[in-house]
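These notes are about the structure you will find just below.
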Amino acid sequence: MPELPEVETVRRELLPALAGVRIAHVDVRRAGLRRPFPRHFADRLTGATPTALTRRGKFIQVALSTDETLVIHLGMSGAFRIVTPDAPDEDRELRYTHDHVVLTMADGALVVYNDPRRFGVLDLVKAGGLARYAPLSTLGPEPLDAGFDGAALAAACAGKRTPIKVALLDQRVVAGVGNIYASEALHHARISPRRRAGALATPRGAPREAAHVLAGSIKHVLALAIARHERAYRRSPFLVYEREGAACPRRRCEGVIRRITQAGRSTYYCPVCQR
DNA sequence: CCGCTGTCCTGCCAGC
DNA sequence: TGCTGGCAGGACAGCG
């Protein structure tokens with residue numbers, strides 16, 4: 001379930017299992033995911049100790065004692081399962097259908113990567129090469145950083161003729177927003193997903209009011225989602241996503257949530273309060 | 001360069 | 001019950 005909030009939650013869950021614990025053994029159970037795993041993948045991980053876990057957009061970066069970084073992207077269906085050192089043997093031996101990589105940590109824990117659709121990425125990058133690693137180096141601003149604001153959003157959207165919803169999915173515009181939180185943020189900001197992205201800026205590129213509002217809404221929906229996942233919510237908390245036909249949740253709004261298709265993806269919005 | 005479509009892969013669900 | 005088609009939270013190649 002991997003947009004920025006879910007990826008951040010995964011990072012926090014992996015942190016105590018990986019950081020400072022040597023990787024004792026690596027079981028790579030297929031040749032790759034969408035692409036082959038990097039050369040000598042298991043050998044390069046074995047014996048390494050993760051020193052830090054950071055997130056950039058939807059990527060997790062695991063810095064290793066070997067001066068390489070394990071770059072992780074969960075794609076559509078990637079997930080980690082952690083089997084703690086004190087788990088019973090039957091849990092340790094359990095193998096699920098799409099368990100592709102199993103890390104055995106020196107403390108006995110297992111860190112298992114499972115990915116039915118195999119759209120994920122597990123890659124190794126030399127420390128010096130990270131800045132030039134294309135998938136990361138082309139990412140736009142980090143939405144929860146203080147530096148991300150209406151001006152940054154307007155600058156990234158200036159001149160774009162594509163609808164704002166489609167622009168928000170472009171990781172070069174803002175990193176980490178996906179199909180759910182694009183709809184949620186636009187609803188929070190009361191902005192129609194059909195509006196032209198370029199309309200967030202004046203012809204000279206200065207931010208319009210809508211850019212400030214939308215930047216704030218992006219921060220709000222992402223931060224709230226991270227907080228909810230930390231408390232292990234499981235019910236769907238979305239206000240418009242997958243709620244076609246439901247009453248708009250905005251107070252005193254009489255609208256009904258609609259689903260439309262933009263650039264081949266579903267968009268949910270309220271045609272009454274989003275303009 | 002820009003924006004749109006198709007594609008990678010499996011699972012699930014609605015409808016027949 | 002079983003089959004089929006459509007859709008799914010991502011990203012990129014290839015096209016006009």
Side-chain angles (χ1 to χ4, degrees), chain A residues 1-11 29-37 55-60 71-80 95-101 113-123 133-140 143 155-187 193-201 205 218 221-222 224-226 228-229 233-245 257-269:
Chain A
M1 315 167 206
E3 294 185 36
L4 188 152
E6 293 78 13
V7 175
E8 176 60 20
T9 299
V10 170
R11 185 192 71 82
R29 311 184 70 220
R30 58 176 299 123
L33 301 169
R34 271 194 81 181
R35 300 178 177 192
F37 290 121
R55 182 191 52 74
R56 179 79 172 91
K58 299 172 192 169
F59 290 87
I60 295 171
V71 176
I72 299 166
H73 193 294
L74 301 172
M76 292 275 243
S77 59
F80 282 94
R95 287 288 184 270
Y96 292 89
T97 310
H98 300 291
D99 286 352
H100 303 310
V101 176
Y113 181 71
N114 182 286
D115 188 351
R117 293 177 72 179
R118 304 205 301 273
F119 286 177
V121 174
L122 297 179
D123 205 355
Y133 184 68
L136 283 165
S137 63
T138 53
L139 288 179
C157 290
K160 282 190 171 291
R161 304 196 60 80
T162 199
I164 182 62
K165 156 60 164 47
V166 177
L168 290 179
L169 297 184
D170 184 341
Q171 299 300 293
R172 296 167 301 184
V173 170
V174 51
V177 174
N179 205 38
I180 293 175
Y181 296 105
S183 281
E184 296 293 311
L186 286 165
H187 179 260
R194 302 172 183 271
R195 254 201 239 183
R196 271 190 31 239
L200 289 185
I218 291 169
V221 299
L222 295 178
L224 186 65
I226 291 173
R228 289 211 166 128
H229 281 275
Y233 268 72
R234 274 294 151 230
R235 280 181 306 117
S236 166
F238 309 125
L239 295 184
V240 291
Y241 185 79
E242 286 189 333
R243 294 208 185 277
E244 183 182 21
I257 304 305
R258 282 187 60 193
R259 182 177 85 102
I260 59 173
T261 297
Q262 295 180 294
R265 318 279 312 267
S266 291
T267 299
Y268 297 85
Y269 78 112

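Lettering follows sequence order; numbering is per chain, from 1.
The base of C:dA8 sits within donor-acceptor range of the side chain of A:R117, with an N or O pair under 3.5 Å.
Rounded to whole Å, the distance from OH on A:Y96 to P on B:dG11 is 15 Å. One can place CZ of A:R265 at 8 Å from C1' of C:dA8, the figure rounded to the nearest angstrom. Regarding A:D170, its CG atom lies at a distance of 9 Å from the P atom of B:dG3, rounded to whole Å. Across the protein-nucleic acid pair, A:L4 atom CG and C:dG9 atom P stand 17 Å apart, rounded to whole Å. Distance A:K160 NZ to B:dC4 P: 10 Å, rounded to the nearest Å. Between A:I180 atom CD1 and C:dG10 atom C1' there is a gap of 12 Å when expressed in whole angstrom units. In this structure, A:K165 places its NZ atom 12 Å from C1' of C:dG10, rounding to the nearest Å. Atom NE2 in A:H73 sits about 8 Å away from atom P in C:dG10, given to the nearest Å.
Nearest to the side chain of A:R259, among C:dA8, B:dT10, C:dG9, sits C:dA8. Among the nucleotides B:dC9, C:dG10, C:dA11, the one closest to any side-chain atom of A:R118 is B:dC9. Side-chain proximity of A:P116 to the nucleotides C:dG9, B:dG11, C:dG10 is greatest for B:dG11. The side chain of A:T162 lies closest to B:dG3, out of B:dG3, C:dA11, B:dT10. Counting only heavy atoms from C-beta on, A:F119 has its side chain closest to B:dC8 among B:dC8, C:dC7, C:dA11.
Contact check for A:L122 versus A:F37: side-chain heavy atoms found under the 4.5 Å cut-off.
Comparing A:T97 and A:R34, the nucleotide of DNA chain B nearest to each residue sits closer to the 5' end for A:R34.
Separating the P atom of C:dA11 from that of B:dC12 is a span of 23 Å, rounded to the nearest Å. As rounded to the nearest Å, B:dC9 and C:dC3 have P atoms that lie 24 Å from one another. With both ends at atom C1', the span from C:dC12 to B:dG11 equals 23 Å, rounded to whole Å.
Side-chain nitrogen and oxygen atoms of A:H98 include none within less than 4.0 Å of the OP1 or OP2 phosphate oxygen of B:dC9. Using a 4.0 Å cut-off, no side-chain N or O of A:Y181 falls inside it from OP1 or OP2 of C:dG9. Phosphate proximity of C:dA8 to A:S266: present, with a side-chain N or O under 4.0 Å from OP1 or OP2. Within the 4.0 Å cut-off from OP1 or OP2 of C:dG10, not a single side-chain nitrogen or oxygen of A:Q171 is found.
Among the heavy atoms of the strands lying under 4.0 Å from A:G75 are primed sugar atoms or P, OP1, OP2 only; no base atom is included.
B:dA14 is paired with C:dT4 under the Watson-Crick or G-U wobble criterion, all donor-acceptor distances under 3.5 Å.
Residue A:R35 qualifies as open at atom CZ: its count of foreign heavy atoms under 6.0 Å is 12 or below. Heavy-atom contacts from other residues, nucleotides or ligands closer than 6.0 Å to CZ of A:R30 number more than 12.
Here the shortest heavy-atom pairing between A:L74 and A:A79 reads CD2-N, 4.3 Å. Between A:L169 and A:A182, the closest heavy-atom pair is CD2-CB, 4.0 Å.
Ring orientation note: the planes of A:H73 and A:F59 are nearly perpendicular, at an angle over 60° on the 30°/60° scale.
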